Novice: 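I'd like to ask you about the structure that follows.
Since the structure is predicted, the reported quantities are computational estimates derived from the model, not experimental observations.
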Amino acid sequence: MMRLGKLDNDELERLVLKKFKRTRPESLAVPEIGVDCAALDLGGDIAALSCDPITSASLAQLGRLSVHVSCNDAAAAGAEPVGLLVTLLAPPSISQEDIGRIADDLAAAALDAGVDVLGGHTEVTDAVTRAVTNTTVLARIPRGRMLPGMQPGDALVMTKWAALEGSAIIAEDFPAVFSALDPAVRETALSFVRHLSVVPEGRYAAAHGATAMHDVTEGGILGAAWELGHAAGLRVVLDPARVPILPETRAICQAAGIDPLRLISSGSMLIACPDGEAMVRGLSQEGIPATVVGHAAPSGQGLYTPQGEALAPPGADELYRLFS
């Protein structure tokens with residue numbers, strides 16, 4: 001029996017990715033670890049596409065997360081999200097009112113993100129025990145504006161705070177975690193869903209010197225840093241002490257016995273760029289908190305602390321420990 005969560009990188013490479021080859025001239029990339037968007041040259045702007053399932057969210061968050069997680073992938077490629085295709089699989093226990101509420105949330109989040117829901121599929125099936133979505137984003141990159149990839153010496157800038165999404169999911173789905181905490185902690189964590197889009201920082205960074213970006217999702221900031229380095233074939237040095245974490249998230253993770261640095265973190269973007277301090281200043285002027293948390297080393301591979309301690313590749317997200 002396999003564990004819950006994404007396949008680890010060795011399994012993903014061996015069982016899935018190595019089997020897909022680039023055969024069409026329109027395809028600009030093959031699937032690989034650390035790269036969230038496909039790219040197609042269709043003769044004008046570059047078309048960027050990505051798809052993501054949402055399997056661990058409550059009905060109250062499903063619609064919003066379906067929009068923002070997919071749009072964030074596009075933003076990490078320096079692309080402007082344009083439209084979404086959404087598949088909703090719902091269990092027989094769902095009500096018509098619940099389906100309507102998910103659609104309402106999808107519509108509201110799409111309006112906030114500036115994208116159109118173009119179509120998809122809605123089905124009630126006993127193949128799932130709770131509502132699941134799979135969303136494909138279609139986005140565009142102006143020709144000549146594809147990100148070149150992280151370079152040796154680049155700074156790593158992290159926006160907002162670690163584990164925003166994870167904190168919100170725990171607040172919604174695991175109220176027992178909060179039994180010994182101030183009730184205000186849970187209320188604050190529930191409000192983190194307002195900060196899950198990284199499209200604004202992606203748009204700014206792509207226009208101001210970013211060489212590569214990765215939205216911080218499953219596996220948290222450590223997973224995102226490892227994947228960014230893997231995609232570039234570079235050693236990444238990341239200082240865990242510099243990673244910004246809100247007090248509410250620290251309290252939640254301590255109560256749940258989980259690591260906030262490996263907890264799902266939509267709402268944060270990891271940006272590689274030549275001048276980290278300039279990127280931080282520019283993002284701050286746009287109202288987006290940002291912090292330099294590391295850099296790309298000139299040689300080697302893997303993820304390390306400034307003291308030279310190797311940090312493990314991403315495994316199952318910390319959130320799945322709460323389901324066991």
Novice: Decide yes or no for P175 and R186: does some side-chain heavy atom of the first lie under 4.5 Å from some side-chain heavy atom of the second?
Specialist: yes

Novice: Would you give the length of the straight line joining atom CZ of R262 to atom CD1 of I264, rounded to the nearest 0.5 angstrom?
Specialist: 14.5 Å

Novice: Treat each ILVMFWY residue as a node, draw an edge where side-chain heavy atoms are under 4.5 Å apart, and state whether W161 and L190 are in one component.
Specialist: no

Novice: Can V115 be reached from V193 by stepping across I, L, V, M, F, W or Y side chains whose heavy atoms are under 4.5 Å apart?
Specialist: yes

Novice: Is the side chain of R321 donor-acceptor paired with the backbone N or O of G257 at a distance under 3.5 Å, no angle test?
Specialist: yes

Novice: Any side-chain heavy atom of C273 within less than 4.5 Å of one from V157?
Specialist: yes

Novice: State, to 0.1 Å, how close Y320 and T55 come at their nearest heavy-atom pair, and which atoms those are.
Specialist: OH-OG1, 3.9 Å

Novice: Output, in order, the C-alpha distance, side-chain angles, deciding distance and verdict of side chain to side chain contact (heavy atoms under 4.5 Å, CB included) for L118 and L138.
Specialist: CA-CA 10 Å; L118 303 173; L138 297 91; 4.2 Å; yes

Novice: Any side-chain heavy-atom pair from P240 and V293 closer than 4.5 angstrom?
Specialist: no

Novice: To the nearest 0.5 Å, what is the distance between OG1 (T136) and CG (L85)?
Specialist: 5.5 Å

Novice: Report yes if the side chains of V185 and I252 come closer than 4.5 Å at any heavy-atom pair, otherwise no.
Specialist: yes

Novice: For E165 and S266, indicate whether the former's side chain and the latter's backbone hold a donor-acceptor pair under 3.5 Å.
Specialist: yes

Novice: OG1 of T305 to CG of L311: how many Å apart, nearest 0.5 Å?
Specialist: 6.0 Å

Novice: Just by distance, do the side chain of D8 and the backbone of E11 share a donor-acceptor pair under 3.5 Å?
Specialist: yes

Novice: Go through the steps for H230 and Q301 under the test side chain to side chain donor-acceptor pair (under 3.5 Å), then give the verdict.
Specialist: CA-CA 7 Å; H230 181 88; Q301 292 188 351; 5.6 Å; no

Novice: Report the C-alpha distance between T133 and L65 in whole Å, list the side-chain angles of each, state the deciding distance to 0.1 Å, and finish with yes or no for side chain to side chain contact (heavy atoms under 4.5 Å, CB included).
Specialist: CA-CA 10 Å; T133 59; L65 287 174; over 6 Å; no

Novice: Looking at A74 and A139, what are the two nearest heavy atoms and their distance?
Specialist: CB-CB, 3.7 Å

Novice: Would you kindly say whether D73 and S70 are connected by a side-chain donor-acceptor distance under 3.5 Å?
Specialist: no

Novice: Kindly work out whether a path of hydrophobic side-chain contacts (I/L/V/M/F/W/Y, heavy atoms less than 4.5 Å apart) joins M269 to V199.
Specialist: no

Novice: Check the pair V243 / L238 against side chain to side chain contact (heavy atoms under 4.5 Å, CB included), numbers first and verdict last.
Specialist: CA-CA 9 Å; V243 174; L238 185 137; 4.1 Å; yes

Novice: For E201 and K160, run salt bridge (charged side-chain N to carboxylate O under 4.0 Å, His left out): C-alpha distance rounded to whole Å, both residues' side-chain angles, the deciding distance at 0.1 Å, then the answer.
Specialist: CA-CA 10 Å; E201 48 259 63; K160 304 194 192 88; 2.8 Å; yes

Novice: How far does OG1 of T159 sit from CG of L164, to the nearest 0.5 angstrom?
Specialist: 9.0 Å

Novice: Between D45 and R145, does any NZ, NE, NH1 or NH2 come within less than 4.0 Å of an OD or OE carboxylate oxygen?
Specialist: no

Novice: Any heavy-atom pair between the side chains of L319 and I169 that's under 4.5 Å?
Specialist: yes

Novice: Using a 3.5 Å distance criterion without hydrogens, assess whether the side chain of D116 forms a donor-acceptor pair with backbone atoms of G83.
Specialist: no

Novice: Please examine the side chains of L222 and P314, heavy atoms only from C-beta on, and report whether any two atoms are closer than 4.5 Å.
Specialist: no

Novice: With the 4.5 Å side-chain cut-off for hydrophobic clustering, are M213 and L283 part of the same group?
Specialist: yes

Novice: Begin from the C-alpha positions of L246 and T188 and carry the test side chain to side chain contact (heavy atoms under 4.5 Å, CB included) through to its verdict.
Specialist: CA-CA 10 Å; L246 291 172; T188 300; over 6 Å; no

Novice: If you compare all heavy atoms of L322 against all heavy atoms of F174, which two are closest, and at what distance to 0.1 Å?
Specialist: O-CE2, 3.4 Å

Novice: Determine whether a donor-acceptor pair (N or O, by modelled atom type, separation under 3.5 Å) exists between the side chain of D239 and the backbone of A241.
Specialist: yes

Novice: Check whether S179 reaches the backbone of A176 with its side chain - one donor and one acceptor, N or O, closer than 3.5 Å.
Specialist: yes

Novice: Working to the nearest 0.5 angstrom, can you tell me the gap between I54 CD1 and R64 CZ?
Specialist: 13.0 Å

Novice: For a 4.5 angstrom cut-off between non-hydrogen side-chain atoms, does L88 reach H121?
Specialist: no

Novice: Do T249 and S167 have side-chain atoms, one donor and one acceptor, less than 3.5 Å apart?
Specialist: yes

Novice: Sub-3.5 Å donor-acceptor pair from the side chain of S95 to the main-chain atoms of D98, do we have one?
Specialist: yes

Novice: Below 4.5 Å, heavy atoms only, C-beta onward: do M146 and I46 meet side chain to side chain?
Specialist: yes

Novice: Could you pull out the closest heavy-atom pair between A162 and S265, with the gap in Å?
Specialist: C-OG, 3.9 Å

Novice: For atom CZ of R203, is the number of surrounding heavy atoms from other residues, nucleotides or ligands below 6.0 Å larger than 12?
Specialist: yes

Novice: Could you measure the distance from the OG atom of S197 to the CG atom of D215? Nearest 0.5 Å is fine.
Specialist: 10.0 Å

Novice: Give a yes or no answer on whether the side chain of R242 reaches the backbone of T291 with a donor-acceptor pair at less than 3.5 Å.
Specialist: no

Novice: Might you point out which heavy atoms bring I271 and A205 nearest each other, and give the distance in Å?
Specialist: CD1-CB, 3.8 Å

Novice: Are any side-chain N or O atoms of E277 and backbone N or O atoms of D275, one a donor and one an acceptor, separated by less than 3.5 Å?
Specialist: no

Novice: For A224, is there any backbone N or O sitting under 3.5 Å from a side-chain donor or acceptor partner on E227?
Specialist: no

Novice: Within a reach of under 6.0 Å around CD of E123, are more than 12 heavy atoms found that belong to other residues, nucleotides or ligands?
Specialist: yes

Novice: Taking the six-membered ring for Trp, are Y204 and H208 parallel (under 30°), tilted (30 to 60°) or perpendicular (over 60°)?
Specialist: parallel

Novice: Please report the shortest heavy-atom distance between L106 and S66, naming the atom on each side.
Specialist: CD2-CB, 3.8 Å

Novice: Would L156 end up clustered with L261 when hydrophobic side chains under 4.5 Å apart are linked, directly or stepwise?
Specialist: yes

Novice: Is it the case that T211 and D154 place a side-chain donor and acceptor less than 3.5 Å from each other?
Specialist: yes

